[in-house]
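Since the structure comes first, as structure tokens, the remarks are kept for the end.
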Amino acid sequence: MIQPDNSSAIITVKKLHKCYWVGSMPFPALNGVNLSIDRGEFAVLAGRSGSGKSTLLNVIGALESADNGEVIVNGENILGMNHTERTLFRLHNIGFVFQSFNLIRVLSARENIAYVCQLQGMDKKESEGIADHWLNEVDMGHLGYRRPDQLSGGQQQRVAVARALATNPKIVLADEPTANLDTQTGQRLMCLLQQLNDKFGTTFLISSHDPDVKNAARRLIKLADGQVVRKWEKIPPAPPPISKACPIKNLPLAGRIRQFLRKKRKRPSKTGEKGPTPRRS
Amino acid sequence: MIKPVIYAVALRNLLGHLRRTMLTVGAIAVGLSALIFLWSFNDGLHRNMLQNFQDAIIGSIQIHHEGFFERPELSRHLRNPDKIITTVEQAGVKRWSRRLEAFALAASDETTEGVMLIGMEADREPVITDLGKRISIGRFLREDDEYACILGATTARNLKLGLGDPVVMIGYDRFGALVAEEFTLVGIITSGEMGLDRGMALTNIKSLQEMLDMPDGVTDIVLRTPEDRIQQLTDELIFALSDENVEVMPWSTMFPVMHEWIILHDGFLYLFLAVVLFIVLAGELNTMLLSMLERTREFGIFMAIGTERYEIGLMLVFEALFIGLAGTLLGIVFGTGIVLVTHSTGIDLSILLGSTSRFYVDSLVYPHLNLDHLGTTVGAILIASIIAGLYPAWKASRLQPVEAMRNV
Ligand SMILES: Nc1ncnc2c1ncn2[C@@H]1O[C@H](COP(=O)(O)OP(=O)(O)OP(=O)(O)O)[C@@H](O)[C@H]1O
Ligand SMILES: [Mg+2]
């Protein structure tokens, strides 16, 4: 069903090479990656440690340059940009969630989100309105006044997700967002990301070696030695209607299995027909 | 266009690390207030010293016949004292006095001692000097005194003279003829300064003019004027009196040692300023660099989520600027506060120096705030603190986001 078609692709990577140099020793990190991600996709980048997941995400996110190849994100050629252009590109197109220490320590959760909005040129009041909206969206509305060190790891990641989405980005890149969380909290975070993907149609590209994350993927891209070795497209069960079927309190996996079994019994043919529908752009 | 949120975050950083911010601000404030106080103390000391020095005998400016200061001979008396006085008054100076000076040998029954015999106008002299206040026994000269004389305490002791005793002065008139006259000792000066207590005798100018057979003879016209006017007035008078064949000498030309001593003292303070500046610079650079290293990861995040390089730099410059301004302001308040308090109470040096006055310094010194010195000090500290912020700001703005985020 999700047929990568160049017109709908938001990320196109062609023959991407990147090599790190330690002294005179080359460490190839990416060896000709070819990849295409559609608008509204929820894709997971898997692969062993050192396979090049972070490097690929960083290049796609215009955080790092590459040696060779082509990276087109939202119609723009990333590799030809200078430092300032890349910064502004990130500000207006990409939301980031990192493994840990995502937030600015001296700012409250709400201010962390408002900060990026103000960078985009909003005034204080407007940005605070947006911050409150996104805090509620990630179920953190009541803790917005807290500083990062007063929040748990899972709560911090939720705030980071809210911040990543507050600038209305085309793509959210998440590099091992669950790696520092316990299994259950990690699953909840993935569930949240899926809900947001459904609700707003934002493209998600997530790297992980966490099996739960891979399970949540609607598309799995496997990297090995800096190359894409397998693109596996899951025919997933229709994402259950938000908030009812994937309540934060339930274990999402169990919930989905139950849902899947129930639907299979009733109308097996209709499963999986519904793709993500972008509602914002 | 600079986004206001950058300043807001910088302020948050300062408040978020309140202890460090306050320590740095405090260090700058302490350094600055110490400098302000020391400099004011020094200026007060110098003012006091110069005041006393000029008050003692030499005044602010003296006008003599050309070459008299070098070789005080009577033939070099002033040719036109009245015209000079008119010029002096035209220049706005009210405090002036005429003197006639000659070397003499003071003789008692027991022994003799060489003195500079100075004839003074008893009524005008007190507006120039405070010799009257330094009389320890007896009294100062009066206008109607005839052949009255005042000696320094050491000379009086050497001559074994007491109040009311006769003292014979032997000297030469301007033609080289020997003249002698008997004076009566009416007062003794005890000042603690070598130049006054020994080798000097004061009398009425009229008596001396009579003795030397120089009616209306004047060798010096002594002026008194505020310190900051001396140089300008000297230049003015030199110009106005250019065809009078006179020398117009400020105290600093007559006693360059005193002048050089003060310059040396100021030099020490500049050295001290440099040391404090270095400490402030090093201290703040250290804090700013530490804070920058500590936040490297965070700067990576800042950049990743769309903060531009120059914005990161501005953030740090603003922090340094704030620390510098706050420290400077606090230092000015503290420093001037201390100066104002000690200016009204005075600082008792006798604890340090033991006895009362030494080298024209009173035992109570009143610090004096010199605005020029205050400006120099404040400006230097402020500039140093901003410079200390520029380097870390530049370093931070050069960071690469991914590398910075790898930093733990
Ligand atoms: N700064 C660097 N200097 C040198 N080599 C690097 C650097 N960053 C990454 N590499 C190398 O590039 C390769 C890919 O690294 P990358 O971080 O992308 O892997 P990864 O898939 O994200 O691994 P992990 O799952 O452990 O995060 C690795 O071999 C790594 O050693
Ligand atoms: Mg990685």
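Throughout, a chain's letter reflects where its sequence line sits, starting with A, and its residues are numbered from 1.
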Near [X] [atom1], under 6.0 Å, is it more than 12 heavy atoms from other residues, nucleotides or ligands?
{"X": "D67(A)", "atom1": "CG", "result": "yes"}
{"X": "H17(A)", "atom1": "NE2", "result": "yes"}
{"X": "F268(B)", "atom1": "CZ", "result": "no"}
{"X": "Y20(A)", "atom1": "OH", "result": "yes"}
{"X": "F322(B)", "atom1": "CZ", "result": "no"}
{"X": "R229(B)", "atom1": "CZ", "result": "yes"}
{"X": "K395(B)", "atom1": "NZ", "result": "no"}

Tell me, side chain or backbone of [X] under 4.5 Å from chain B's heavy atoms, or both, or neither?
{"X": "Q120(A)", "result": "neither"}
{"X": "F89(A)", "result": "neither"}
{"X": "L103(A)", "result": "backbone"}
{"X": "L88(A)", "result": "side chain"}
{"X": "R105(A)", "result": "both"}

Look up atom [atom1] in [X] and atom [atom2] in [Y], then write down how far apart they are to the nearest 0.5 Å.
{"X": "M405(B)", "Y": "D175(A)", "atom1": "CE", "atom2": "CG", "value": "9.0 Å"}
{"X": "R86(A)", "Y": "E308(B)", "atom1": "CZ", "atom2": "CD", "value": "13.0 Å"}
{"X": "E64(A)", "Y": "E403(B)", "atom1": "CD", "atom2": "CD", "value": "7.5 Å"}
{"X": "T87(A)", "Y": "F302(B)", "atom1": "OG1", "atom2": "CZ", "value": "14.0 Å"}
{"X": "I104(A)", "Y": "E298(B)", "atom1": "CD1", "atom2": "CD", "value": "4.5 Å"}
{"X": "I305(B)", "Y": "R90(A)", "atom1": "CD1", "atom2": "CZ", "value": "10.0 Å"}

* Asked: Side chain, backbone, both or neither: which part of I6(B) has a heavy atom under 4.5 Å from chain A?
  ->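 For I6(B), the contact with chain A is made by the side chain alone.
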
* Contact class of R12(B) relative to chain A, heavy atoms under 4.5 angstrom ->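 Looking at R12(B), backbone and side chain both touch chain A.
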
* Asked: What pair of heavy atoms forms the shortest contact from P401(B) to L63(A), and how long is it?
  ->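 Closest approach of P401(B) to L63(A), heavy atoms only: CB-CD2, 3.8 Å.
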
* To do: Applying side chain to side chain donor-acceptor pair (under 3.5 Å), run through Y115(A) and T307(B) and close with a yes or a no.
  => CA-CA 10 Å; Y115(A) 173 75; T307(B) 316; 2.8 Å; yes

* **Most contacts with chain A, counted as non-hydrogen pairs under 4.5 angstrom, among G16(B), A304(B), G300(B)** =>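 Top option by heavy-atom pairs under 4.5 Å: A304(B).
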
* To do: Heavy atoms only, distances under 4.5 angstrom: which of V116(A), I94(A), D123(A), V106(A) has the most pairs with chain B? Name it, please.
  =>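 The answer is V106(A).
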
* Asked: chain B: which of H83(A), H92(A), Q118(A) shares the most heavy-atom pairs with it under 4.5 Å?
  ->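 Maximum pair count with chain B is reached by H83(A).
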
* To do: Check the pair I301(B) / F96(A) against side chain to side chain contact (heavy atoms under 4.5 Å, CB included), numbers first and verdict last.
  => CA-CA 9 Å; I301(B) 302 275; F96(A) 285 100; over 6 Å; no

* To do: Could you tell me whether the side chain of E311(B) reaches within less than 4.5 Å of the side chain of L119(A), counting heavy atoms only?
  =>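 Yes, close enough: below the 4.5 Å cut-off.
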
